[in-house]
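Working notes, beginning with the structure itself.
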Number of protein chains: 2
Amino acid sequence: MGEKVIPDIVVGRLPIYLRALQRMHEENRKVTSSQELGERLGISAAQIRKDLSQFGEFGKQGTGYSIEYLAEQINQILKVDRVWDIAVIGAGDIGSAVARYQGFANRGLRVAMIFDSDPSKVGTQVGTFTVQDSRNVEEVIREAGIQIAMIATPSQTAQSVAEQLINAGVKAILNYAPINLTVPDEVRVQYIDPVIHLQRMTYYL
Amino acid sequence: MGEKVIPDIVVGRLPIYLRALQRMHEENRKVTSSQELGERLGISAAQIRKDLSQFGEFGKQGTGYSIEYLAEQINQILKVDRVWDIAVIGAGDIGSAVARYQGFANRGLRVAMIFDSDPSKVGTQVGTFTVQDSRNVEEVIREAGIQIAMIATPSQTAQSVAEQLINAGVKAILNYAPINLTVPDEVRVQYIDPVIHLQRMTYYL
DNA sequence: TAGATTGTTAATCGATTAACAATC
DNA sequence: TAGATTGTTAATCGATTAACAATC
């Protein structure tokens, strides 16, 4: 009894596979193989087959995988066969860029609202959104039933914003503030900090 | 003979440790322990000690680590005890946000120039920079001796931009375009795509 | 059919954790 | 001294790879 637990590291590779498949689909490709996918992504073919086999049998011996079918399946596995609304907190450079970002389309995600605490920003337009007052974050997000948020505030306020979001029912946070958040176990956090990524590379220069 | 090779995954955690240490330093803290650091970061104390021990002995039995000293040491290891110039390619929302980002300060990095191929953007100001013409990417970057670049162009042009950068001597690329780049072994690439991070979490919703 | 490629098992490799002597 | 914490070794755990029967 009980579902098989999929390693986090495997789940983490699925979006990468999915992105490559969608790109192949745009190129009007119909089928691919674990080998081709692996070469594109710098991942071994065996690993790709092993990862996918955790979720089912999606390929055909001798021919490989239907790009469209496999993409559909991964969409379902990742639950991005629907569209999730996202709240953005912070309408500075990063928050604004993210709110205007075109890259969410067809990938199961959509920015739905943006907040800022600066009275001079509240009420202004960012892309297609009117900046809302941060004081209403909890109420508005709870009301909308939103489960995903991005934090693009200064570091000092990120933790308290996270707590408000969690109170409002948010279960997944993408944090652009360069600080570690403390959250309950049932809440997921991912971090984006360009400096972290860059410092991983300066070591090798 | 030959240097001990440090696992990539260990190098990848150093910037995380460094960021936490710098924050503690700002809080005027003087010493910390592997246990405290681990609790803050959600990493086991044993792992932190093991990681650090790959590079030397930085702590004191009974008392732990001097925050300032350990931060200095990691700065040196990651080669961010100096300031690296970065070129940004693409002056759209993301490129502009990154060029104006204040978070590079004191972390060994600095944006030095930004390029765009759109004639209506060339010559305009983005933060403190004048947007340069993408046609000159190779020449200008080579001339400046820049080794680090961020790609913030549309997906379609990202691969060819990467090739120009590599021709110009760039060895580390942070790619914001949602596409995998093919590069020679000696060039490092890191990816930032908010959708990838978000899709890692939707699985658990 | 011959060739290609999957899904899966077993072997290998590598990373994490537990435990503890050393010592501040 | 007693308590705390490091650096390191050995044990454990988990992830990756190699290999191949099955089969399209």
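Values reported hereafter were calculated over all heavy atoms of this structure, with side chains retained and with hydrogens, waters and symmetry mates removed. Note that the coordinates shown come from a computational prediction; the quantities given were computed from them, not determined experimentally. Letters go in sequence order (proteins before strands), and every chain restarts at 1.
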Start and end of the DNA chain D segment that chain B contacts, any atom under 4.0 Å from a heavy atom: D:dA4 to D:dT9
Between B:E36 and B:R29, is the closest basic N to carboxylate O distance under 4.0 Å? yes
Enumerate the residues from residues 10-30 of chain A whose closest heavy atom to DNA chain D is under 4.0 Å, giving them by residue number; use none for an empty result. A:R13
Using a 3.5 Å cut-off and no angle test, enumerate the donor-acceptor pairs between side-chain atoms of residues 96-109 of chain A and protein atoms at least two apart in sequence or in another chain.
unit_1 : atom_1 : unit_2 : atom_2 : d
A:S96  : OG     : A:A91  : O      : 3.1
A:S96  : OG     : A:G92  : O      : 2.7
A:R100 : NE     : B:D93  : OD1    : 3.2
A:R100 : NE     : B:D93  : OD2    : 3.3
A:Q102 : NE2    : A:R100 : O      : 2.9
A:R107 : NH1    : A:G103 : O      : 3.4
A:R107 : NH1    : B:D193 : OD2    : 3.4
A:R107 : NH2    : B:D193 : OD2    : 2.8

Pairing residues for B:E27 by the salt bridge (charged side-chain N to carboxylate O under 4.0 Å, His left out) criterion, not counting sequence neighbours: B:R40
Compute whether any side-chain donor of one residue and acceptor of the other, for B:R142 and B:N167, lie under 3.5 angstrom apart. no
Going by an N to O cut-off under 4.0 Å, is there a salt bridge joining B:D8 and B:R13? no
For DNA chain D, write out the stems as range with range, using runs of 3 or more consecutive Watson-Crick or G-U pairs with both distances under 3.5 Å. C:3-24 with D:3-24
Pair A:E163, A:Q159: side-chain N/O donor-acceptor within cut-off below 3.5 Å: yes
Selection: residues 44-69 of chain B, any non-hydrogen atom under 4.0 Å of DNA chain D: B:R49, B:K50, B:S53, B:E57, B:F58, B:G59, B:K60, B:Q61, B:G62, B:T63, B:G64, B:Y65
What heavy-atom pair brings B:V10 and B:Q54 nearest, and what distance separates the two atoms? CG2-NE2, 4.2 Å
Looking only at heavy atoms, which two atoms of A:L37 and A:A20 are closest? And how far apart? CD1-CB, 3.9 Å
Within the supplied structure, the quantity of interest is the number of heavy atoms (other residues, nucleotides, ligands) at a distance under 6.0 Å from B:R135 CZ; does it exceed 12? no
Give a yes or no on whether a salt bridge exists between A:D133 and A:K121, defined as a side-chain N under 4.0 angstrom from a carboxylate O. no
Tell me, yes or no, whether the heavy-atom count around B:K60 atom NZ, taken from other residues, nucleotides or ligands under 6.0 Å, exceeds 12. no
If you draw a 6.0 Å radius around CD in B:E68, do more than 12 non-hydrogen atoms from other residues or ligands fall strictly inside? no
